[in-house]
Each structure stands twice: as structure tokens, then as C-alpha cells.
Number of protein chains: 4
Amino acid sequence: MAGGTKRLPRAVREQQMLDAAIEVFSDNGFHDASMDAIAAKANISKPMLYLYYGSKDELFAACIHREGVRFVEAISPAGDPNLPPREQLRAALTGFLGFVDANRRSWMVLYRQAIGQQAFASQVGSSRDRLIELTAKLLESSTKDPDPGTDFSIMAVALVGAGEAVADRVAGGEIDVDAAVDLLDSLAWRGLAGTTKKKQ
Amino acid sequence: MAGGTKRLPRAVREQQMLDAAIEVFSDNGFHDASMDAIAAKANISKPMLYLYYGSKDELFAACIHREGVRFVEAISPAGDPNLPPREQLRAALTGFLGFVDANRRSWMVLYRQAIGQQAFASQVGSSRDRLIELTAKLLESSTKDPDPGTDFSIMAVALVGAGEAVADRVAGGEIDVDAAVDLLDSLAWRGLAGTTKKKQ
Amino acid sequence: MAGGTKRLPRAVREQQMLDAAIEVFSDNGFHDASMDAIAAKANISKPMLYLYYGSKDELFAACIHREGVRFVEAISPAGDPNLPPREQLRAALTGFLGFVDANRRSWMVLYRQAIGQQAFASQVGSSRDRLIELTAKLLESSTKDPDPGTDFSIMAVALVGAGEAVADRVAGGEIDVDAAVDLLDSLAWRGLAGTTKKKQ
Amino acid sequence: MAGGTKRLPRAVREQQMLDAAIEVFSDNGFHDASMDAIAAKANISKPMLYLYYGSKDELFAACIHREGVRFVEAISPAGDPNLPPREQLRAALTGFLGFVDANRRSWMVLYRQAIGQQAFASQVGSSRDRLIELTAKLLESSTKDPDPGTDFSIMAVALVGAGEAVADRVAGGEIDVDAAVDLLDSLAWRGLAGTTKKKQ
DNA sequence: GATGAATGAGTGTTCATTCAT
DNA sequence: AATGAATGAACACTCATTCAT
């Protein structure tokens with residue numbers, strides 16, 4: 001305890017810090033998260049945080065980055081080109097919403113946090129943009145005979161937006177992942193028609 | 001100095017302050033907006049802000065409130081029950097996106113800001129929830145022969161989410177209001193089918 | 001109400017203001033008493049306070065002054081030179097403690113307040129000094145054959161100090177006026193001997 | 001700058017801060033003493049004050065506490081039960097007035113200050129109450145054959161009050177410690193009789 | 001005579017950030 | 001490699017005080 005400053009390899013320390021940071025950031029929001037609190041939670045001294053990350057902003061950026069990577073990894077399997085496009089989209093939705101469900105606090109809050117913190121909006125934007133692009137491609141490849149004027153990337157924006165809104169409810173525990181996937185899948189392919197009595 | 005700060009009636013000052021506050025809040029985010037900056041922008045002294053609004057939080061809340069009211073007013077015409085439901089939805093979309101287009105900075109950022117500011121999330125949430133409810137009713141009344149299990153309010157969540165995402169692009173000038181309205185309208189009724197070559 | 005600004009003669013207004021000021025000062029202490037609160041309690045506008053008293057300090061000084069005068073008036077009857085000195089002292093004690101008992105909040109707190117507020121200590125001091133002088137004279141005139149070196153004014157300081165301490169308890173309701181008078185009277189003439197079983 | 005503010009051990013800094021605080025509080029009174037001024041006088045930065053004491057109130061409380069302890073220590077020797085009670089009282093008076101004489105500014109003003117600051121009155125009150133209790137015991141044990149109804153604690157209140165009043169004069173340099181001790185000692189045992197020519 | 005409107009100046013408090021060890 | 005000690009710079013908020021009407 002007193003003086004038990006374990007020598008840990010850099011990589012481990014880094015994760016330890018990010019874990020602590022994410023927890024504190026998500027609990028308190030960016031501004032109300034203090035470096036003191038993060039250092040305390042990570043069981044290290046404040047100067048270590050600065051040694052590793054340079055500033056609060058950079059630390060937050062690192063958090064967003066790590067979560068963004070994890071997020072993309074969670075969705076990537078959807079990219080399996082052996083599946084038919086529609087299955088791919090479904091897989092992507094499942095990956096996305098499953099991730100949100102499994103990482104409610106750490107991701108959701110960071111995500112919503114970061115969007116509000118304009119200094120980081122662009123960074124979140126890049127993760128999101130990758131998601132949108134991926135979605136756009138899926139949409140395009142799964143649409144036979146598309147109207148030539150169709151802008152799939154804007155369609156993807158809308159779908160991802162819908163996905164995010166639904167994800168909020170998933171994260172809030174108001175709806176479960178499967179129902180959310182069905183809803184979005186249906187919305188994508190049939191619009192409101194999907195709410196019409198089936199086969200009747 | 002610059003603006004000749006001369007005794008104005010209360011109502012005028014209030015708007016002056018809110019205008020300034022919205023500008024500063026939207027430029028800097030809630031936490032990075034200082035009361036000093038807001039007072040300066042409003043050409044008044046800080047104590048006036050406190051006299052009129054009591055605290056930074058209350059000032060921000062007042063901003064959200066005013067914009068929320070304006071927002072609802074902008075969309076309300078859509079409620080005309082003489083129109084067929086689908087026209088109503090279209091009118092609502094036009095009202096919504098038109099408002100965002102016309103009040104980019106003041107609304108968009110406040111909106112995104114407020115969502116990230118946990119203390120205010122609930123307040124924004126209520127405006128948003130009203131919007132979602134309204135949407136849900138439109139969806140329901142415009143769907144003939146609905147599947148009995150359909151949860152229109154979750155559908156509405158998704159659509160509003162899509163709308164917000166598209167609205168971001170509208171506010172960013174990346175897409176124009178009409179195209180956005182078409183897109184969301186199409187998404188609502190036909191899903192991706194709407195991107196298929198028409199008349200085919 | 002709205003606009004019912006009664007034209008009151010100056011003297012009345014002054015008392016009204018002082019009453020309000022004393023109440024607020026005694027409730028909150030000098031620093032935590034705001035001119036706003038005083039004006040509100042006096043049912044007048046703040047500028048009136050300034051018109052009549054010039055500043056918060058001067059207002060407080062006026063409070064102390066008025067209460068000081070009242071205080072001295074309450075004790076003065078003791079000066080009746082027809083009474084034997086010891087009766088005079090008893091009358092003075094009764095006057096003093098009776099005043100404190102009857103004006104707990106307004107006097108006691110102001111008094112203790114003012115002593116702590118060094119800017120006003122001297123002013124309170126003057127009321128107090130008059131009291132001490134009076135006491136000293138009583139002591140002197142009632143002591144037959146005094147030791148030539150006796151400094152009655154320091155004796156008076158001690159007695160008045162004892163009186164104030166006892167007065168605190170009177171104001172606090174912990175002891176009643178008569179008991180307090182007996183105690184101090186006894187202390188003055190017999191010291192602790194006064195606590196010895198009588199006539200035994 | 002002036003003082004070469006170099007990393008000092010906690011204990012040292014604490015005293016440094018309290019010294020400065022006491023000086024500033026006693027010079028200006030609680031409210032008019034600014035944390036800035038205290039920090040400046042202590043040759044440290046304001047955040048240090050907050051790091052060590054948390055708030056202005058707590059800092060003031062710490063001042064009162066430290067002085068209170070010193071005060072009690074100065075008087076404690078009087079508790080030597082080998083001395084006859086009357087000697088004990090004399091020793092206590094000497095301790096008390098000697099302390100006041102030696103710590104004029106730091107104690108006197110703090111004491112008078114704290115009494116006026118309602119938030120701290122209770123804290124001072126407790127020190128004072130201990131003093132009163134101690135005095136009451138001394139009085140009781142030194143009175144042979146007391147009147148059964150005698151309330152020594154009220155007697156003690158009066159005596160301590162007299163002591164405080166005299167202490168003010170001691171602190172003001174208007175009377176020296178020995179004379180003050182004689183006066184109070186005499187007052188306690190003989191009342192005004194003590195001013196009568198001795199041996200008569 | 002009376003006041004609503006307005007502010008300059010200051011206070012306590014916090015926090016990201018950096019030395020000195 | 002690691003940290004306890006220290007601070008500069010802000011910020012929200014308050015209040016006595018004064019115009020302009």
C-alpha cells in the first residue's frame with residue numbers, strides 16, 4: 001500500500017488508465033470528470049496521466065479512439081462478403097446494437113458525450129462515418145436495379161441515425177436487442193409497410 | 001460602450017439575453033460558455049443575467065425552453081387534421097427540417113448540447129418525446145390494417161432519430177431540405193424500396 | 001399595492017427603516033444582511049435607504065445609535081440621586097437586564113454583532129463606556145471609606161462585563177431577570193461570600 | 001517571490017497558514033478577510049489553502065480550534081489539585097489573563113470575532129463553556145458551607161464575563177495583568193468590599 | 001419624492017497542469 | 001519510474017451602490 005507502486009509494463013498501464021478514464025468520463029461527463037478522480041480510480045498519480053496522455057483532451061480522445069476501434073471491430077464481422085447483402089445488414093445491425101447493449105455505460109455515454117463536446121465531435125464523426133459508409137455499401141449492394149439518382153450515403157445517414165436513436169433505447173433497457181434489430185431491418189426494407197399485418 | 005446599454009423594458013432585455021446566450025452556448029458548449037462572455041455578447045453586465053435568470057443553469061434551461069417552444073410552433077401546423085395522415089407527416093417533416101435549416105446554430109447545437117448535458121437531458125427529452133408521440137400518432141393513423149403487435153412509438157423513435165441525423169446534415173448544409181424531406185418520407189413508407197427505380 | 005407609494009413624513013420613514021434594518025441585521029448579522037432585504041422589509045425601495053442613510057455602514061451605525069439611546073434611557077432612571085447608592089445600582093441592574101430581556105433580538109444581537117464588526121466597535125464602545133462610567137460613579141459613591149488607590153472604573157468594567165455575560169443568558173432565556181439582578185448585586189457587594197448560607 | 005515558496009512538509013505549512021489566517025482574520029474580521037489576502041500573507045497560493053482546509057469556514061474553524069487548544073493549555077496548570085482552591089482560581093486567572101496579554105491579536109480578536117459570527121459561536125462557546133465549568137468547580141470547591149440553592153455555574157458565567165471584559169482592557173494595554181488578576185480575585189471573594197481600605 | 005434598471009468590483013472555489021524530489 | 005506539493009487562471013455568483021426616469 002504505502003509505496004507499493006507496482007512497475008507495470010506500459011501497455012498494461014495504458015489500459016488501466018483508459019478503463020478508469022472511461023468510467024469517470026461516462027459517469028460524470030467530460031467537464032465534470034476531474035483528472036484527480038481518474039488518477040485515483042486508476043490507482044496512479046496524476047503526473048502519470050500527463051506523462052502518458054499529455055492532457056485531459058488527449059486522454060479523452062484516447063478513450064474515444066479505443067472505444068471507436070472496439071466498436072468497429074464489433075461490427076466488422078458483418079462485412080463477410082459470403083453472406084447475401086441483406087444478411088450482412090442484419091449482421092451489422094446485430095453487431096451494432098449488441099455492442100451498445102454490452103457496453104452501455106462505456107460507449108453510449110462516451111458517444112453522446114463526445115458529440116456534445118464539439119472539440120471531439122469530429123473524432124466521433126470519423127467512427128460514425130465509417131459506419132455510415134459501411135452501411136451505404138451494404139444498402140447499395142443489396143438493392144437490385146437502383147434508381148440511378150439514389151444517394152445511398154444519405155440513406156445510410158438516416159438509417160444510422162435511426163439506429164442510434166433505437167440504440168439509446170436499447171442502452172436504456174427499454175427495448176431488447178432482437179426487437180430493435182427487427183425494427184430497423186424492417187424499416188430499412190419496407191418502411192412502415194413492415195408494420196402492416198403480415199401475409200394477410 | 002459599443003451598444004449603448006440603456007434601460008430597456010424587461011421583455012426586450014430578456015430576448016436580448018437569450019439571443020446572446022444561445023449564440024455563446026452554441027459556439028462553445030455549455031461548460032465552456034462563460035457568463036462573462038454571454039453578458040458581453042448581450043451588451044449588459046453579468047449581474048443582469050443573474051437578476052433575470054438566477055443562474056447559468058437556469059439561463060441555459062430558458063434557452064432550451066424558448067427554442068423548444070419555437071420548435072414546436074414550427075411543427076404544429078402539421079397537426080391539421082383535415083389533411084390525410086401522410087400529408088400530415090410530410091408537413092411535419094417539412095416543418096421540422098425547415099426549422100432546423102432556418103435555425104441551424106441556435107437549435108441544432110443547443111439540441112445536441114443539451115442532450116450531452118445530463119442535467120438538461122430530461123428537459124430536451126420532453127420536447128423530443130412530444131415530437132416522438134406526435135410522430136407515433138401520425139404513423140398509426142396512417143397505417144391501414146396494422147399488425148396488432150406493432151409498437152408505433154418505437155417506430156417513431158427510429159424515424160425521429162433518422163430525422164435528427166438527417167437534420168444534422170441539413171444544418172451542416174450537406175443536403176437541402178426538400179431532398180431530406182423526400183428521403184425521410186420515402187424511408188417511412190417504403191423503406192429502401194423507395195430507392196428502387198420508380199414505376200418499375 | 002401597485003403604485004401605492006405612501007408619502008410618509010420623514011421621521012416615520014426613518015423609524016420604519018431602522019426597524020426593518022435592525023430586524024434584518026439581527027437575524028443575519030451585518031455582512032449577511034443585504035440592503036435589498038432591508039429595503040424589502042421596510043417596504044421601500046433601495047434608493048430610499050441610500051437617500052436617508054447614505055450607505056450600509058451608516059445605516060448600521062444609525063441602528064446602533066438608536067438602540068444605544070434607548071438603552072441608556074432604560075437605565076437612566078437609576079440615576080435618581082434621592083435613592084441610596086446601593087438602591088441605585090440595583091435599579092441600574094434592573095434597568096439593564098430588563099432592557100435586554102425586553103429587547104432580546106434587537107439589542108443583544110446588534111450589540112454582539114457590533115462588537116465583532118471592528119468598524120463599529122468604537123461606536124458600541126461609547127454606549128458601553130457611558131454605562132461603565134455610570135457604574136463606576138455608583139460604585140464610588142456607595143463605597144464608604146474607599147482604599148485611595150482603588151480604580152473604580154476598572155471595577156466597573158469587570159461588573160459590566162459580568163453583566164453582559166449574564167445578560168447573554170437572560171437573552172437566551174436561561175435565567176430570569178430577577179435572579180440575574182440578585183446575582184450581580186450580590187457579586188458586587190459580597191463577591192462569593194454572597195453564596196454562603198445566609199444568616200447562618 | 002518574497003518568501004521562496006518551496007515544498008515544505010505538511011505540518012509546517014499548516015502552521016504557516018494558520019498564522020497568516022489568524023493575522024488576517026484578526027485584522028479584518030471574518031467576512032472582510034479574503035482568502036487571497038491570507039494566501040498572500042502565508043506566501044502560498046490560494047489553492048493550497050483549499051487543499052489543506054477545504055473552505056474559508058473550515059480554515060476559520062481551524063484557527064479557532066488551534067487557539068482554543070493553546071488557550072486551554074495555558075490555563076490547565078491551574079488545575080493542580082494540590083493547591084488550595086483559592087490558589088487554583090488565582091492561577092487560572094493568571095493563566096487566562098497572561099495568555100490574553102501574550103496573544104493579544106491572535107486570541108482576543110479571534111475570540112470576539114468568533115462570537116459575533118453566528119456560524120462559529122457554538123465552537124467558541126464550547127471552549128468558553130469548558131472554562132466556565134472549570135471556574136464553577138473551583139468556586140464550588142472553595143466555598144465552605146455554601147447556600148444549597150447556589151448556582152455556581154451562573155456565578156461562573158458572571159465571573160468569566162468579568163474576566164473577558166477585563167481581558168479586553170488587558171489586550172488593549174489599558175491595564176496590566178497583575179492588577180487585573182488582583183481585581184478579579186478580589187471581586188470573586190469579596191465583591192466591592194475588596195475596594196475598601198485594607199486592614200480596616 | 002420615489003424607483004426600476006443597471007453595474008463595478010470582488011469573493012470563494014475549482015481544476016488542469018507542472019515542478020522538485 | 002513515479003509522485004507529493006504547488007499554482008495560474010478562470011468561473012459562477014453576490015452585493016453595495018448609482019443612474020435615468
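Predicted model, so just to flag it, every value in this text is computed and none were measured. Order of the sequence lines fixes the chain letters, A, B, ..., with proteins taken first and strands second; residue numbering starts at 1 for each chain.
- More than 12 heavy-atom neighbours from other residues, nucleotides or ligands sit within 6.0 angstrom of NE2 on C:H31.
- B:Y53 places a side-chain N or O within donor-acceptor distance of the main-chain N or O of B:E14, the cut-off being under 3.5 Å.
- Of the nucleotides present, E:dA2 is the one that pairs with F:dT21 by Watson-Crick or G-U wobble criteria, both distances under 3.5 Å.
- Taking atom CG of residue B:L49 and atom C1' of nucleotide E:dA5, one finds them 14 Å apart after rounding to whole Å.
- Comparing F:dT18, E:dA16, E:dG12 against the side chain of A:Y50 picks out E:dA16 as the nearest.
- Projected onto DNA chain F by closest heavy-atom contact, C:S55 and D:L51 fall at different nucleotides, the more 5' of which corresponds to D:L51.
- A heavy atom lying under 4.0 Å from DNA chain F marks the following residues of residues 24-37 of chain B, by number: B:A33, B:S34, B:M35.
- The aromatic rings of C:F30 and C:F25 sit parallel, their planes meeting at an angle under 30°, below the 60° perpendicular limit.
- Closest to the B:P47 side chain, of the nucleotides E:dT17, E:dG8, E:dA2, is E:dG8.
- Distances from the side chain of A:Y52 to the nucleotides F:dA2, F:dT3, F:dA9 place F:dA2 closest.
- Judged by distance alone, with hydrogens and angles left aside, C:K46 brings a side-chain donor or acceptor within reach of the base of F:dT17, the pair sitting under 3.5 Å.
- Rounded to a whole Å, the CD atom of A:Q16 is 10 Å from the P atom of F:dA2.
- Ranking E:dT3, F:dT14, F:dT3 by closeness to the A:S45 side chain, first place goes to F:dT3.
- At whole-Å resolution of the value, CZ in B:R10 and P in E:dA6 are 10 Å apart.
- Note: OH (C:Y53) to C1' (F:dA16) measures 18 Å, nearest angstrom.
- Here CG of C:L49 is found 5.5 Å from CE of C:M17. Values are rounded to the nearest 0.5 Å.
- Closest to the side chain of D:I44, out of F:dT17, F:dA6, F:dT7, is F:dT7.
- The CG atom of B:D57 sits 16 Å away from the P atom of F:dC11 (whole-angstrom rounding).
- Shown here, E:dA16 forms a base pair with F:dT7; the pair counts as Watson-Crick or G-U wobble because both key distances fall under 3.5 Å.
- Counting all heavy atoms, side chain and backbone alike, D:S55 lies closest to D:M35 at C-CE, 4.2 Å.
- Phosphate contact (OP1/OP2 of E:dA6, side-chain N/O of B:R13, threshold under 4.0 Å): present.
- Going from atom CE of A:M48 over to atom P of F:dG4 covers 12 Å, rounded to whole Å.
- In this structure, the side chain of C:S126 engages the main chain of C:Q123 through a donor-acceptor pair within 3.5 Å.
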Pair A:R70, A:E67 - check salt bridge (Lys or Arg N to Asp or Glu O under 4.0 Å), show working. CA-CA 5 Å; A:R70 287 185 176 174; A:E67 295 307 299; 3.4 Å; yes
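- Enclosure of atom NZ in B:K41 is not indicated, since only 12 or fewer non-hydrogen atoms of other residues, nucleotides or ligands lie within 6.0 angstrom.
- In the set E:dT17, F:dA9, E:dT11, E:dT11 carries the atom at the smallest distance from any side-chain atom of D:K56.
- Counting to the nearest Å, the P atom of F:dA12 and the CD1 atom of B:I38 are 8 Å from each other.
- Rounded to whole Å, the distance from CZ on A:F60 to P on E:dC15 is 17 Å.
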